[in-house]
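All remarks here apply to the structure that follows.
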Amino acid sequence: MPKIYAKSFTKMDTLQPKTETLNFILNYSKALHVIQLKNMQVAVLKN
Amino acid sequence: MMKNAPDAVLVKNYIDGNENCLAILITKHKARIFNFIYSKVYDRDLTEDIFQDTFIKVINTLKRGKYNEEGKFLPWVMRIAHNLVIDHFRKSNRMPKFESRNTEFDIFTVISDGTQNAESKMITSQISEDVRRLVDELAPDQKEVILMRLYQDMSFKEIAENTNVSINTALGRMRYAIMNLRKLVAERNIILTL
């Protein structure tokens, strides 16, 4: 049985999103309000 | 307590107004989604952008009450991320690419009137001369077929009739002529590109 030679496996570092990106997403979520007007929806971003 | 809740519960609570549940969902899945995007685009900043856009879509869909995939939150988010990656590649293929080592943008690298400038004309004429000289070094039957085909624009049928050989022989001579030209170019380190 031939021996299989391979490069030693090195575990890749897990990348993480920046804190600013996460904060932006969470702030966007808090600011977004969807209002139902009869048969239509209106999205409003409140500061 | 909420941290260990299943995704479906977190999603439901988020839709009901508990913003903290979104933070829990993001914390739980951010690494997987982020690395998934990075594995496709291999660009840290672009990954940040696509990650952000993915969650903006997620938030919009959830807040509009259009989410209907209970219990499959992560695959759903991954699908959104995947679609955004595809959108990115589609856009980047359509957009003209401006690559410059200088930081200053040079409009003349993008806009061209289609004609060659003086330098390009000189290089083209030098290349033509070099090729012509190389053709002269070929065997007479090969030189003949190259001259007729490339310089006199004759078809292989016409070449065959003029040289009293079959079309296959004319094609074979052309093939050997090109192979020999390539050999000569390689031997003499001649560069034949603009």
Side-chain angles (χ1 to χ4, degrees), chain A, chain B residues 2-3 7 10-68 73-74 77-78 80-81 84-85:
Chain A
M1 180 93 183
K3 194 173 176 181
I4 297 167
Y5 291 93
K7 281 183 183 173
S8 59
F9 177 77
T10 49
K11 203 184 171 194
M12 222 175 77
D13 290 336
T14 310
L15 297 170
Q16 297 283 346
K18 287 180 191 165
T19 315
E20 301 95 89
T21 308
L22 297 176
N23 287 341
F24 176 86
I25 294 166
L26 294 174
N27 289 335
Y28 175 83
S29 171
K30 282 173 195 161
L32 183 73
H33 292 267
V34 176
I35 303 160
Q36 189 73 41
L37 291 172
K38 288 185 182 172
N39 56 353
M40 65 185 279
Q41 285 183 329
V42 181
V44 186
L45 280 170
K46 291 182 188 172
N47 281 324
Chain B
M2 266 302 196
K3 275 183 186 174
D7 287 353
L10 292 167
V11 169
K12 193 187 172 300
N13 286 344
Y14 172 67
I15 292 168
D16 290 344
N18 187 347
E19 290 287 334
N20 193 37
C21 288
L22 179 70
I24 297 168
L25 282 166
I26 292 175
T27 309
K28 206 168 158 185
H29 302 300
K30 65 181 178 185
R32 211 159 151 200
I33 298 162
F34 196 82
N35 284 283
F36 168 75
I37 299 166
Y38 186 79
S39 71
K40 309 277 175 206
V41 299
Y42 290 108
D43 181 302
R44 193 72 202 257
D45 292 331
L46 186 58
T47 305
E48 294 279 347
D49 287 347
I50 295 176
F51 181 86
Q52 187 176 293
D53 289 347
T54 301
F55 273 97
I56 284 175
K57 281 209 167 198
V58 167
I59 291 163
N60 284 335
T61 309
L62 292 177
K63 291 224 170 182
R64 284 171 189 270
K66 288 179 181 170
Y67 176 73
N68 56 7
F73 178 75
L74 183 62
V77 180
M78 295 285 243
I80 293 173
L84 287 172
V85 169

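What you see below is based on every heavy atom in this structure, not just the backbone, and it leaves out hydrogens, waters and symmetry mates. This structure is a prediction, so every number in the text was calculated from the model and none was measured. All chains are named by letter (A, B, ...) in the order of the sequence lines, taking the proteins before the strands, and each is independently numbered beginning at 1.
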Exercise. Which region of Asp45(B), side chain (C-beta onward) or backbone (N, CA, C, O), has a non-hydrogen atom less than 4.5 Å from a non-hydrogen atom of chain A, or is it both or neither?
Worked result: side chain
Seminar exercise, completed: Residue pairs meeting side-chain hydrogen bond (donor to acceptor under 3.5 Å, both in side chains), one or both in residues 15-35 of chain A, sequence neighbours left out, come to Thr21(A)-Glu48(B), Tyr28(A)-Asn60(B), Ser29(A)-Tyr14(B), Ser29(A)-Glu19(B)
Exercise. Quick one: what part of Ile26(B) sits under 4.5 Å from any heavy atom of chain A, side chain, backbone, both or neither?
Worked result: side chain
For this session: Count the heavy atoms of every other residue, nucleotide or ligand shown that sit under 6.0 Å from CZ of Arg64(B), and state whether that count exceeds 12.
Result: yes
For this session: Check salt bridge (Lys or Arg N to Asp or Glu O under 4.0 Å) between Lys57(B) and all other residues, then give those that pass, not counting sequence neighbours.
Result: none
Exercise. Does the pair Leu10(B) and Lys28(B) meet the rule for a side-chain contact (heavy atoms from CB on, under 4.5 Å), with working shown?
Worked result: CA-CA 11 Å; Leu10(B) 292 167; Lys28(B) 206 168 158 185; 4.3 Å; yes
Exercise. For Arg44(B), is it the side chain, the backbone, both or neither that has a heavy atom under 4.5 Å from a heavy atom of chain A?
Worked result: side chain
